[in-house]
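Take a look at the structure set out below.
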Protein chains: 4
Amino acid sequence: MARLPDQDPQLQPPAPGTRRRRAAPMDKAERRRAILAAALTVFARHGFAGARLDDVARQAGVAKGTLYLYFADKEALFRGLVEQNFAPVLADADAAIAVFPGSTRDLIDLVIAILSQRVIGTPAEALVRLMIAEGSRFPELAAFYHREVVSRALGIVRAIAQRGLDRGEITSDIAVRFPQLMISPAVVAVVWNGMFGSFDPLDVRAFLSAHRDLLLRGLGWRDT
Amino acid sequence: MARLPDQDPQLQPPAPGTRRRRAAPMDKAERRRAILAAALTVFARHGFAGARLDDVARQAGVAKGTLYLYFADKEALFRGLVEQNFAPVLADADAAIAVFPGSTRDLIDLVIAILSQRVIGTPAEALVRLMIAEGSRFPELAAFYHREVVSRALGIVRAIAQRGLDRGEITSDIAVRFPQLMISPAVVAVVWNGMFGSFDPLDVRAFLSAHRDLLLRGLGWRDT
Amino acid sequence: MARLPDQDPQLQPPAPGTRRRRAAPMDKAERRRAILAAALTVFARHGFAGARLDDVARQAGVAKGTLYLYFADKEALFRGLVEQNFAPVLADADAAIAVFPGSTRDLIDLVIAILSQRVIGTPAEALVRLMIAEGSRFPELAAFYHREVVSRALGIVRAIAQRGLDRGEITSDIAVRFPQLMISPAVVAVVWNGMFGSFDPLDVRAFLSAHRDLLLRGLGWRDT
Amino acid sequence: MARLPDQDPQLQPPAPGTRRRRAAPMDKAERRRAILAAALTVFARHGFAGARLDDVARQAGVAKGTLYLYFADKEALFRGLVEQNFAPVLADADAAIAVFPGSTRDLIDLVIAILSQRVIGTPAEALVRLMIAEGSRFPELAAFYHREVVSRALGIVRAIAQRGLDRGEITSDIAVRFPQLMISPAVVAVVWNGMFGSFDPLDVRAFLSAHRDLLLRGLGWRDT
DNA sequence: TATGAATGAGGCTTCATTCAT
DNA sequence: GATGAATGAAGCCTCATTCAT
């Protein structure tokens, strides 16, 4: 089958006879990050089953065996990817939102901004796509993702909506009952650009902005 | 890696000693359908790279070599899957909507109903998930899907919205500019139930119904 | 590490460019035998862990993947080896001895003859060596070997000895209590020729014959 | 394949957080002994090909690289194992027997006692088993073993037997012609307990004692 | 046309050996 | 000398594809 080309064609295997010097020493954490970064690229491009650890190793600049010093096997590498990449975004979002003092409208904008800046167009976006693609094949990982990422994110949304209701800024409780509705367009944007971005890109910022307008109106926004 | 169990444990290999008699003869079209149906199940469960043609053949009740009489290779089988399966849904939707005489509200309900009944919870849902998962790895297929399915569906949505504007039933043109917003929740519902459905299922009907309410309000619905 | 050369240096890999024709068809049983025969050679030469399935396949004249149509994995192949090779010898020995009418002396000669002709110098000899070498690493297989081969063989020896006692042909019950003593030299002969046979071969026939004499005298043989 | 568990489960890797302090300094000879002792354990359990130098290093309490300061490679380590470990037993046997003044019967008892106490049930037993298992794969080592251990041991047996003949203590020269017959049961005992010891152990002392009785009678023992 | 045994390239993983610290 | 992270060759096994029947 025609395989998607690997990213950097300059990273050819060294000419036979030349023997690659042992990689410059990194500390463990740095090398672990390098491996995870490479894994994200390769997994995002080829999917879990289609990814070759050979490619991950090459992109990370390490030998194949080295991967196994950091991750027990391919699946553990995937798990490491998920566990490592969502934590910072989530923590930041949690922190930013928990103490937010402004109006619900501004809060929604903040969430959208966080999504736009910390997820959309970043490696995390590829990871979201990867989770969507492979989630059903990794039930434990899906559960982890649900528990650690999704339900926390939805909790935040719910809290925002509830606060808006309490303040009288909005009148509908739909967002409390179905917080997924609030982030659906973000999901779609990620999926869309993954599939069609190359020939029919979606302007995510405008798209989410329109979503915000629709949302506020739909939720019965009134200035207070 | 732990592989997901195959769907129907009753489809065990026959007990040794029993010899499955040659399947009742099918004509070509029937056999092709059987293969595609089996392929949908297997691909949906394991993804493209993870699917085994052995499993497809067994589920289709044909020999492995027979697959190659109907499809050139694994990729052609996947292509056939996508190309064949969206046609009927789309045709129905097209037909139903093109001549629809009622109000925009009722039309939205109709679309939601079609989604609910013809996609959500059916094999087509698995296909959508499969496209989301593998789309970026099959650019031609993604383009085909975009051209034949997505853009047509969005065209329908756009037409509905435009008609609503023209009739004065809604006031916002957001749905004309970003028809993706209208179907985002359906996409999310499919994705959600694929990943989390086993332990936190989403009530799709209620979810889409809430979406409709939000939408109508957001679009400035007024009875005419 | 210097690896023992493979048996037949004429079985080189085919020159690149030539593509070996699909092997002449054999029926399953015949091919299974070919694989087992090759496996016996390779395992006997390199031990279980040191054997390469590549070599087994080449010697059997099949492709690597074909092995897996007949045996689930390397261990199953080893198991198949043990299970297949001991059965016939054992069955024959059982049958021959069970109805033996002659004197104990002649019976001992018969057992020695069976060992000499059916084990020593045959593939089964290599298998005995292999079991001795690898037995402790395959507890289940050792248990199988003990149950199906060793304890049956010892039972036969015991029966012979008991009959000799009953008939008054011998006076010592040592062979009933420690039948292993009767076959120890055969074991040693096999081991010896495996290790030292190439530069200090043991004349097994003379060796076992001397053992018989010693044995008869030691057991208090008297003509009756 | 299911790998045999490592012997001492208390030798776990240290709990994370605890950092094993550098081992108390050993001098070279001491460290060499530690490595050989560890190697004996690991090789005996897993065979040559199956042994992991990682395990040897861990059990010896040294780093993996350190092994290579003492032995050129895995094979040299194995060689060192054999060469080093037989020396002391042999020397002792040699010394004890060379000057032995008593009767042949007592001398036989002495040899059996040496075997029982210095081989059976000791690490040397494992080494014998290891030689039996791997001997044919290491011709040089087998030759060394034959020259340094086996032929010397058989020479001793032969000398004993010859002395018995000369003294008129025994009448048969079988033991002079086939000294292997004398030690066969010891070999079998070692092999037996390696394979079946866990579920059908052989009482070596009684076994060898019975062997001695049989032997003396078979050789025509008479008190002088 | 249909079959399914056979093929062999290719992937994951292990582990003997090296080498910078 | 000692360390242990890094290396990469090599082995087991899978599975898309072929082909003789």
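Proteins come first, then strands; the chains are lettered A, B, ... in the order of their sequence lines, and each starts at number 1.
Between the P atom of dT18(F) and the CG atom of Asp73(B) lies a distance of 9 Å, rounded to the nearest Å. In this entry the distance linking CG of Leu77(A) with C1' of dC12(E) reads 12 Å, nearest Å. For Phe71(C) and dC12(F), the CZ to C1' distance is 16 Å, given to the nearest whole Å. Regarding Glu30(B), its CD atom lies at a distance of 16 Å from the C1' atom of dA2(E), rounded to whole Å. Between the P atom of dA16(E) and the OH atom of Tyr68(D) lies a distance of 7 Å, rounded to the nearest Å. Here the C1' atom of nucleotide dA6(E) and the CZ atom of Arg32(C) are 17 Å apart, to the nearest Å. We find that CG of Leu53(B) is positioned 12 Å from P of dT18(F), with the value rounded to whole Å. At whole-Å resolution of the value, CZ in Arg58(D) and P in dA5(F) are 12 Å apart.
The side chain of Tyr70(B) lies closest to dA2(E) when the candidates are dC13(F), dA2(E), dT3(F). Among the nucleotides dT7(F), dC15(E), dA2(E), the one closest to any side-chain atom of Ala63(A) is dT7(F). Residue Val62(D) has its side chain nearest to dT3(F) when only dT17(E), dT3(F), dT7(E) are considered. Closest to the side chain of Lys28(D), out of dT17(F), dT7(F), dG1(F), is dG1(F). Nearest nucleotide to the side chain of Arg52(C), out of dT3(E), dT7(E), dG11(F): dG11(F).
The 5' end of DNA chain E is approached more closely, in terms of each residue's nearest nucleotide, by Gly65(B) than by the other of Gly65(B) and Lys64(A). Each of Gly50(B) and Leu67(A) was matched to the nucleotide of DNA chain F holding its nearest heavy atom; the match closer to the 5' end belongs to Leu67(A). Mapping Leu69(C) and Thr66(B) onto DNA chain E via the closest heavy atom, the residue that lands nearer the 5' end is Thr66(B).
Ring orientation note: the planes of Phe78(C) and Phe48(C) are tilted relative to one another, at an angle of 30° to 60°.
The base-pairing partner of dA20(E), taking Watson-Crick or G-U wobble contacts with both distances under 3.5 Å, is dT3(F). In this structure dC15(E) sits in a base pair with dG8(F), meeting the Watson-Crick or G-U test at under 3.5 Å.
Here the side chain of Arg3(D) pairs a donor or acceptor atom with the backbone of Gly50(D) at under 3.5 angstrom.
Residue Ala76(A) comes nearest to Phe71(A) through the heavy atom pair O-CD2, 3.7 Å, listed as atom of the first residue, atom of the second, then distance.
Using a 4.0 Å heavy-atom distance criterion, Lys74(C) is classed as a sugar-phosphate-only contact. Note on Ala49(D): nothing from the nucleic acid sits closer than 4.0 angstrom, heavy atoms only. Among the atoms of the strands shown, none is found under 4.0 Å from any heavy atom of Ala72(A).
When side chains are defined from C-beta on, Val62(B) does not count as touching Leu69(B), because their heavy atoms never get closer than 4.5 Å. Residues Leu141(C) and Arg79(C) form a side-chain contact, since some pair of their non-hydrogen atoms from C-beta on lies under 4.5 Å apart. Counting only heavy atoms from C-beta outward, the side chains of Lys64(B) and Asp54(B) approach each other to under 4.5 Å.
The side chain of Arg31(D) contributes no N or O atom lying less than 4.0 Å from OP1 or OP2 of dG1(F).
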